[in-house]
There are 2 protein chains.
Amino acid sequence: MEINIDIIKNKLVESRLKVTPQRMAILEAIYSLDNHPIADDIIDYIKIKHPNIATGTVYKVLGVLIENKIINKVNTERGVSRYDGIMDSHHHLYCSKSDLIKDYFDEELDKILKNYFEKKKIPDFNIESIAIQLKGRFNE
Amino acid sequence: MEINIDIIKNKLVESRLKVTPQRMAILEAIYSLDNHPIADDIIDYIKIKHPNIATGTVYKVLGVLIENKIINKVNTERGVSRYDGIMDSHHHLYCSKSDLIKDYFDEELDKILKNYFEKKKIPDFNIESIAIQLKGRFNE
DNA sequence: ACTTAAATAAGAATTATTCTCTTTTAAGAG
DNA sequence: CTCTTAAAAGAGAATAATTCTTATTTAAGT
Ligand SMILES: [Mn+2]
Ligand SMILES: [Mn+2]
Ligand SMILES: [Zn+2]
Ligand SMILES: [Zn+2]
């Protein structure tokens, strides 16, 4: 994934957010870490370069990034939030045996769904987004 | 939804689980409460008839019911677990403004998806289940 | 360099959930 | 019906993730 420092900086500037070392580090962590990290993964990652970062700051920043649509939360069925730096429309493959979550891009599928729900309206409900969660086993 | 006491009892017996007042009450609560209740909703509901139920028991029972595939957890992006008594294949409509989650049944859609993924295999991944989360606004 | 609103640090507080240990009970056997 | 026992429940402490509060620091514009 893009770990270009200027691209990261731009995301903050575009949202009129102050560019702080903490925000930069947290965003860089999210883009570098795979498997949709939890807050603690991010804390561990940034501690190397930023040993004095406060836990509360990480949660605060994550909240700000979500509000500004720079990152997303990933839905899970357990009570630890996971974060996702990919904002392009995509879906997720959940391993039923581990906590692995892989990204799944499929424009054809998106088209089929868009088409389907344009025809078949759901009564009293206006769709804003569609997320598919595929649960299963990864080979190897 | 079915709030028949014998049907509830049967679900426990079929899974070779002891039939206890607590388990009966918790299952009855899940079937009676709408909107995919959290543990605390269930606790509030059953307190009327079972004022001395322990919080830990509720969590324990919910875990047992999930293990035995009598209920399910619902995926959300926040750290409070929600429970679902409907085990028939269905999807969920998430309100983007409130915590409302409605069930969505659509056999036609299920067929389309089943068909789609039978043709288009995902490399190194065996699908066990497909869950769609539609996020949007409810009218009224 | 100065100013100031915004961000961070530190640690306490809160909340959901789990764990440990003791007591109670469901359900099968006799 | 009683007896037995493994399983379940109760009580409350412990844990873990997240949020809140307040003082201090800092980014960025003037
Ligand atoms: Mn860690
Ligand atoms: Mn309550
Ligand atoms: Zn993703
Ligand atoms: Zn449901």
Side-chain angles (χ1 to χ4, degrees), chain A residues 5-6 8-29 36-47 49-68 70-71 73-83 99, chain B residues 5-6 8-29 36-47 49-68 70-71 73-83 99:
Chain A
I5 198 164
D6 289 315
I8 293 175
K9 192 168 181 173
N10 247 342
K11 299 208 187 236
L12 295 172
V13 173
E14 278 168 21
S15 294
R16 285 172 221 79
L17 295 172
K18 281 192 186 171
V19 177
T20 67
Q22 292 85 348
R23 284 173 175 172
M24 291 292 290
I26 290 164
L27 262 181
E28 201 231 295
H36 306 82
I38 66 176
D40 194 55
D41 297 328
I42 295 164
I43 291 167
D44 287 347
Y45 183 94
I46 63 182
K47 272 228 171 92
K49 289 187 186 170
H50 302 259
N52 298 326
I53 197 143
T55 303
T57 299
V58 174
Y59 282 101
K60 191 88 216 308
V61 167
L62 288 169
V64 169
L65 296 176
I66 289 167
E67 276 171 40
N68 286 276
I70 295 170
I71 65 169
K73 267 192 192 178
V74 176
N75 286 24
T76 62
E77 57 186 34
R78 259 260 17 222
V80 192
S81 293
R82 297 178 69 159
Y83 302 90
D99 65 357
Chain B
I5 198 165
D6 289 315
I8 293 175
K9 192 170 182 174
N10 249 340
K11 299 207 186 236
L12 295 172
V13 173
E14 278 168 21
S15 294
R16 285 171 222 79
L17 294 171
K18 280 192 187 175
V19 177
T20 67
Q22 292 85 348
R23 285 173 174 173
M24 292 292 288
I26 289 164
L27 261 180
E28 200 229 296
H36 305 83
I38 66 176
D40 194 56
D41 296 327
I42 295 164
I43 290 166
D44 287 348
Y45 183 93
I46 63 183
K47 272 233 170 87
K49 288 186 185 168
H50 301 260
N52 300 325
I53 198 144
T55 303
T57 298
V58 174
Y59 282 101
K60 190 88 216 308
V61 168
L62 288 169
V64 169
L65 295 176
I66 289 166
E67 275 170 42
N68 286 275
I70 296 170
I71 65 169
K73 267 192 192 176
V74 177
N75 285 25
T76 62
E77 58 187 34
R78 258 256 20 218
V80 192
S81 294
R82 296 177 70 158
Y83 302 90
D99 65 357

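In this text, all values refer to a predicted model and were calculated from it rather than measured experimentally. In what follows, every heavy atom counts, from backbone to side chain, and hydrogens, waters and symmetry copies are set aside.
Residues Leu62(B) and Ile42(B) are in side-chain contact: their nearest non-hydrogen atoms beyond the backbone lie under 4.5 Å apart.
Tyr59(B) pairs by the side-chain hydrogen bond (donor to acceptor under 3.5 Å, both in side chains) definition with nothing, not counting sequence neighbours. By the salt bridge (Lys or Arg N to Asp or Glu O under 4.0 Å) test, Glu67(A) pairs with no residue at all, sequence neighbours left out. For Tyr83(B), the side-chain hydrogen bond (donor to acceptor under 3.5 Å, both in side chains) test picks out no residue, with sequence neighbours left out.
Using a 4.0 Å heavy-atom criterion, one finds that Val64(B) contacts no nucleic acid atom at all. At a threshold of 4.0 angstrom between heavy atoms, the contacts of Thr20(B) are confined to the sugar-phosphate backbone, with no base atom among them.
Among the candidates Ile8(A), Leu17(A), Val64(A), the single residue satisfying the side-chain contact (heavy atoms from CB on, under 4.5 Å) test with Ile70(A) is Leu17(A).
To the nearest 0.5 Å, the span separating NE2 on His36(B) from OG1 on Thr76(B) amounts to 11.5 Å. One finds the CG atom of Leu65(B) at 11.0 Å from the NZ atom of Lys60(B) (value rounded to the nearest 0.5 Å).
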task = Would you sort out whether Leu27(A) and Val61(A) count as a side-chain contact (heavy atoms from CB on, under 4.5 Å), showing the intermediate values?
result = CA-CA 9 Å; Leu27(A) 262 181; Val61(A) 167; over 6 Å; no
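Heavy-atom minimum distance, Glu77(A) versus Lys73(B): O-CD, 3.1 Å.
Under a 3.5 Å cut-off, the side chain of Asp41(A) and the backbone N or O of Ile38(A) do form a donor-acceptor pair.
Reading DNA chain D from its 5' end, the first and the last nucleotide to sit under 4.0 Å from a heavy atom of chain A are dA17(D) to dA28(D). First and last contacts of DNA chain C with chain B, using any nucleotide atom under 4.0 Å from a protein heavy atom and ordered 5' to 3', fall at dA16(C) to dA27(C).
Map Ile38(B) and Val19(B) each onto its nearest nucleotide of DNA chain C; the residue landing nearer the 5' end is Ile38(B).
When the C1' atoms of four end pairs are superposed on the next four at each end of the helix from dA1(C)-dT30(D) to dG30(C)-dC1(D), using five pairs per end, the two resulting axes differ in direction by 40°, to 10°.
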